[in-house]
Amino acid sequence: MASPEKLKKYQKQKFENYKKINNLRINDNEAYIELKVKDLNCIVSEYSTKDRITLKKEFYDAIEQKVAYMPLDYPFVLEVHNKTFTAEEKIIVRKLIKNHFNLITISKEMELKAIKRKSTFFLICGIIGFILLFLSYNFKIMSILNEIISFIASFSIWEFAELLIFEQDNLKEQIILNKQLSKIRVVYNKD
């Protein structure tokens, strides 16, 4: 499993490579993400209702794409280039971004708990399977039954390792990133 320190080191290395190709800004120990937005319709989904306003997929995808290469050492700042936003619209945008990434974080944390439950179940099945396999050799049970028990035990241990090693680390990275995105500072630039 990747620790947060290893993840930060990996992200920083990815950032240095990406920085060579693209112009990324870091000011006052903050990583800046710049987006040019015509109006609020570029941010708010057309499927939003008056009571339930949501972000447009293209908008949060653009944020996630730019942040994917930034190290987690820096807090993120979203610089929105727009001349026409009112004070009320600016507040709406800040809340929408915070709520969107908080919701994703909660969803990913629930997925992580489910993966931990599944991996524990597979580990227990694998251990029980190998114990039964060991005991079956002492009692000279049919070889077909031994093969079935061996397959189930091996499959369970394999699934345990796959869930723990591959899926859990990916989810942890997404959780850390979305937590940081939910705390993003939004500034407006009128150019």
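A salt bridge links E109 to K179: at least one charged side-chain nitrogen sits closer than 4.0 Å to a carboxylate oxygen.
Between the CD atom in E159 and the SG atom in C125 there is a gap of 11.0 Å [rounded to 0.5 Å]. Interatomic distance, OG1 of T84 versus CD of E89, reported as 6.5 Å (0.5 Å rounding). Within the model, atoms CD1 of I92 and CG of N99 stand 12.0 Å from one another, a figure rounded to the nearest 0.5 Å. Rounded to the nearest 0.5 angstrom, I184 CD1 and I63 CD1 are separated by 5.5 Å. Interatomic distance, L55 CG to L103 CG, rounded to the nearest 0.5 Å: 10.5 Å. Atoms NZ and NZ, on K116 and K113 in that order, are 9.0 Å from each other to the nearest 0.5 Å.
A chain of hydrophobic side-chain contacts below 4.5 Å, direct or via other Ile, Leu, Val, Met, Phe, Trp or Tyr residues, connects F130 to I127. Taking hydrophobic clusters as Ile, Leu, Val, Met, Phe, Trp and Tyr residues chained together by side-chain heavy-atom distances below 4.5 Å, I157 shares a cluster with I131. Follow the hydrophobic side-chain contacts under 4.5 Å out from F121 and you reach I124 in the same cluster. Two different hydrophobic clusters hold I128 and W158 under the rule that ILVMFWY side chains link at heavy-atom gaps under 4.5 Å. If you chain together hydrophobic residues whose side chains sit under 4.5 Å apart, L133 and L145 fall into the same group.
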Query raised in the report: Between K95 and I91, does a side-chain contact (heavy atoms from CB on, under 4.5 Å) hold up when you go through it step by step?
Result: CA-CA 6 Å; K95 282 184 180 179; I91 292 170; 4.1 Å; yes

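Contact of the E111 side chain with the K108 side chain is registered, since non-hydrogen atoms from C-beta on lie closer than 4.5 Å. Considering only heavy atoms from C-beta on, L96 stays 4.5 Å or farther from H100 through its side chain. Considering only heavy atoms from C-beta on, L181 comes within 4.5 Å of N178 through its side chain. You'll find the side chain of L177 reaches within 4.5 Å of the side chain of F76, heavy atoms only. For the pair Y47 and R52, the minimum side-chain heavy-atom distance is 4.5 Å or more.
Of the residues Q168, Q174, K172, the one that meets the side-chain contact (heavy atoms from CB on, under 4.5 Å) test with N170 is Q174.
Closest approach of I33 to K66, counting heavy atoms only: CG2-CD, 3.5 Å. Across all their heavy atoms, I43 and V93 have their closest contact at CD1-CG2, 3.9 Å. Taking all atoms of both residues into account, the shortest heavy-atom contact from L40 to F85 is N-CE2, 3.4 Å. The heavy-atom pair separating G126 from S156 by the smallest distance is N-CB, 3.5 Å. Shortest non-hydrogen contact noted between L112 and L171 is N-CD1, 3.7 Å. The two residues I149 and G129 make their nearest non-hydrogen contact at CG2-O, 3.1 Å.
Of the possible polar contacts, none joining the D28 side chain to the E30 backbone as a donor-acceptor pair under 3.5 Å is found. A distance-only check finds a donor-acceptor pair linking the side chain of N82 to the backbone of V37 [under 3.5 Å]. A donor-acceptor contact shorter than 3.5 Å is absent between the side chain of S154 and the backbone of F151.
A 6.0 Å sphere centred on CD of E46 holds more than 12 heavy atoms belonging to other residues, nucleotides or ligands.
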